[in-house]
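This report concerns only the one structure given below.
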Amino acid sequence: MRSVDPMEGYRPARRRSVMRRKEMPLWQELPLLLIVAFCLAVLIRTFLVQAFYIPSGSMQSTLEIKDRVLVNKVVYDMRDPLRGEIVVFRGTEDWAPEVTEAVSNTFLAKLGRTIGDLVGVSRPGERDFIKRVIGLPGDKVACCDAQGRITVNGVGIDEPYIAEGFNSDLTQPPIPGQCTSRRFAEVTVPPGEMFVMGDHRSVSQDARCQGTVPIENIIGRAFVVVWPSERFTGLDVPDVWKQFAEQYPSAAADRPIPVREERPAVATNVFPLLFGVLLSARSGMSLWAGRRRLRA
């Protein structure tokens, strides 16, 4: 009887071929990372958050000249603005630019402004303004009561953010088209619009003399001062406006919400793709660096 070799028919298992990740040279990875980072900055600036430079003193002392604030560009796609919030918006044709500075037209200067605008760190346009929301559609805004305060729907508002000496002249009579006087006739805010004012009332050119602004013109809500670093602080709604909103809801709470321009659907698809490319590139660079250290 034939003996059976216990090893007969046995085939050694194949060694799985180790797939080595193809290394990308550093000179190729660095430009890729820079391009992805730039694209992310552009998309974030376009759809989510943008940095704005404060060019004038109309919001002192809440915001100083040369401060940079971050602006939430999606919050008002989900809700209406609130009284007391600080918003960045495009002024109407009736709004005159607060600051007109001469700019260089050299090629490098234009290139720098273009790149800065793409990533959201350039100066705002002449018709971009930053003010505080005082009145919403249906509100009746006027100045002044017996204590020299603005009134909203007949209620005097204490404004702690107006620094001493920064309010308009109470004794000067109102002049049409000028905001030099603290006094102005009662304004009923039209549907779909808002009444805005600067915190430095003696220099701010705002709704008192330039008219109300469409809510749909809002670019976003300023929610934090990020530069200079020693002035880092949040821009919350003052308690006086929170208490006012609780006691006196909007005079036109049932108004139709303005239709704001929809965000392109491409944003929801491009963000994950770019994040994936960025993470992949970073992982590759870390792997390459690790191997380089081991070989050394």
Side-chain angles (χ1 to χ4, degrees), residues 47 50 52 58-59 71-98 124-145 149-157 159 161 168 174 176-179 181-199 201 204-223 235-238 240-263:
F47 299 106
Q50 182 176 353
F52 271 86
S58 67
M59 283 296 293
V71 173
N72 184 331
K73 302 183 74 172
V74 298
V75 60
Y76 298 131
D77 290 332
M78 298 175 283
R79 65 168 177 83
D80 282 354
L82 304 176
R83 304 183 193 96
E85 290 183 325
I86 297 175
V87 296
V88 174
F89 59 92
R90 293 181 300 275
T92 66
E93 293 298 323
D94 295 331
W95 281 62
E98 287 185 323
E126 287 187 351
R127 294 207 172 275
D128 291 344
F129 299 87
I130 183 166
K131 305 290 181 186
R132 191 181 298 275
V133 179
I134 301 296
L136 295 174
D139 285 343
K140 299 181 183 298
V141 185
C143 193
C144 304
D145 65 2
R149 303 174 299 178
I150 63 167
T151 63
V152 178
N153 301 328
V155 180
I157 306 296
E159 300 180 279
Y161 41 79
S168 305
Q178 296 186 21
C179 292
S181 173
R182 191 185 310 184
R183 299 183 181 278
F184 60 91
E186 183 178 270
V187 175
T188 300
V189 183
E193 302 201 0
M194 59 183 179
F195 192 97
V196 293
M197 299 176 72
D199 290 355
R201 299 286 160 80
S204 176
Q205 301 295 301
D206 46 45
R208 291 173 291 171
C209 55
Q210 302 194 101
T212 57
V213 179
I215 291 176
E216 64 183 7
N217 281 22
I218 294 179
I219 297 172
R221 177 196 172 191
F223 65 95
L235 298 173
D236 298 326
V237 176
V240 62
W241 286 112
K242 293 179 181 177
Q243 296 168 5
F244 181 87
E246 291 176 357
Q247 298 177 17
Y248 306 96
S250 171
D254 57 347
R255 68 186 184 281
I257 299 176
V259 177
R260 293 172 59 82
E261 185 177 343
E262 293 184 0
R263 308 289 179 184

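Scope of the values below: all heavy atoms of this structure, side chains included, with no hydrogens, waters or symmetry mates.
- Scored by the side-chain contact (heavy atoms from CB on, under 4.5 Å) test, Phe223 finds Val49, Leu70, Asn72 as partners (sequence neighbours excluded).
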Which side-chain N or O atoms in residues 188-197 pair as donor and acceptor under 3.5 Å with protein atoms at least two apart or in another chain?
unit_1: Thr188; atom_1: OG1; unit_2: Lys140; atom_2: NZ; d: 3.2
unit_1: Glu193; atom_1: OE1; unit_2: Thr212; atom_2: OG1; d: 2.3

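- The shortest non-hydrogen separation linking Phe244 to Val152 is CZ-O, 3.6 Å.
- Residues satisfying the side-chain contact (heavy atoms from CB on, under 4.5 Å) criterion with Val240, sequence neighbours excluded, are Ile157, Pro160, Pro238.
- Annotation: side chain of Cys143 is not in contact with side chain of Arg208 (no heavy-atom distance under 4.5 Å).
- Residues Pro214 and Thr92 share a closest heavy-atom pair of CD-CG2, 3.6 Å.
- Arg182 meets the salt bridge (Lys or Arg N to Asp or Glu O under 4.0 Å) test with no other residue; sequence neighbours excluded.
- A cation-pi arrangement is present between Arg132 and Tyr161, with the terminal nitrogen or guanidinium carbon under 6.0 Å from the aromatic centre and inside a 45° cone about the axis.
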Practice item. Evaluate side-chain contact (heavy atoms from CB on, under 4.5 Å) for Ile134 paired with Trp241, printing each intermediate quantity in order. Key: CA-CA 9 Å; Ile134 301 296; Trp241 286 112; 3.8 Å; yes
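- By the 4.5 Å heavy-atom criterion applied to side chains, Asp80 and Leu136 are not counted as neighbours.
- Between Gly138 and Asn153 the shortest heavy-atom distance is O-OD1, 4.2 Å.
- The shortest side-chain heavy-atom distance between Phe129 and Asn217 does not fall under the 4.5 Å cut-off.
- In this structure, the side chains of Ile130 and Phe52 stay at 4.5 Å or more apart for every pair of heavy atoms.
- At least one side-chain heavy atom of Arg83 sits under 4.5 Å from a side-chain heavy atom of Asp139.
- Residues passing the side-chain hydrogen bond (donor to acceptor under 3.5 Å, both in side chains) test with Asp145 are Arg149, sequence neighbours excluded.
- Residues satisfying the disulfide bond (SG atoms under 2.5 Å apart) criterion with Cys179, sequence neighbours excluded, are Cys209.
- Residues forming a side-chain hydrogen bond (donor to acceptor under 3.5 Å, both in side chains) with Ser204 (at least two apart in sequence, or on another chain): Lys131, Asp206.
- Trp95 is linked by a side-chain hydrogen bond (donor to acceptor under 3.5 Å, both in side chains) to nothing, counting only residues two or more places apart in sequence or in another chain.
- Contact check for Leu235 versus Met59: no side-chain heavy atoms found under the 4.5 Å cut-off.
- Evaluation of the side-chain hydrogen bond (donor to acceptor under 3.5 Å, both in side chains) rule for Gln210 yields no partner, not counting sequence neighbours.
- Side-chain contact between Ile150 and Arg201 is present, with heavy atoms from C-beta onward closer than 4.5 Å.
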**Study point:** Intermediate values then yes/no, side-chain contact (heavy atoms from CB on, under 4.5 Å), Glu85 and Ile218
**Key:** CA-CA 12 Å; Glu85 290 183 325; Ile218 294 179; over 6 Å; no
Check your understanding: Stepwise, does the side-chain contact (heavy atoms from CB on, under 4.5 Å) test hold for Val133 with Arg221?
Key -> CA-CA 10 Å; Val133 179; Arg221 177 196 172 191; over 6 Å; no
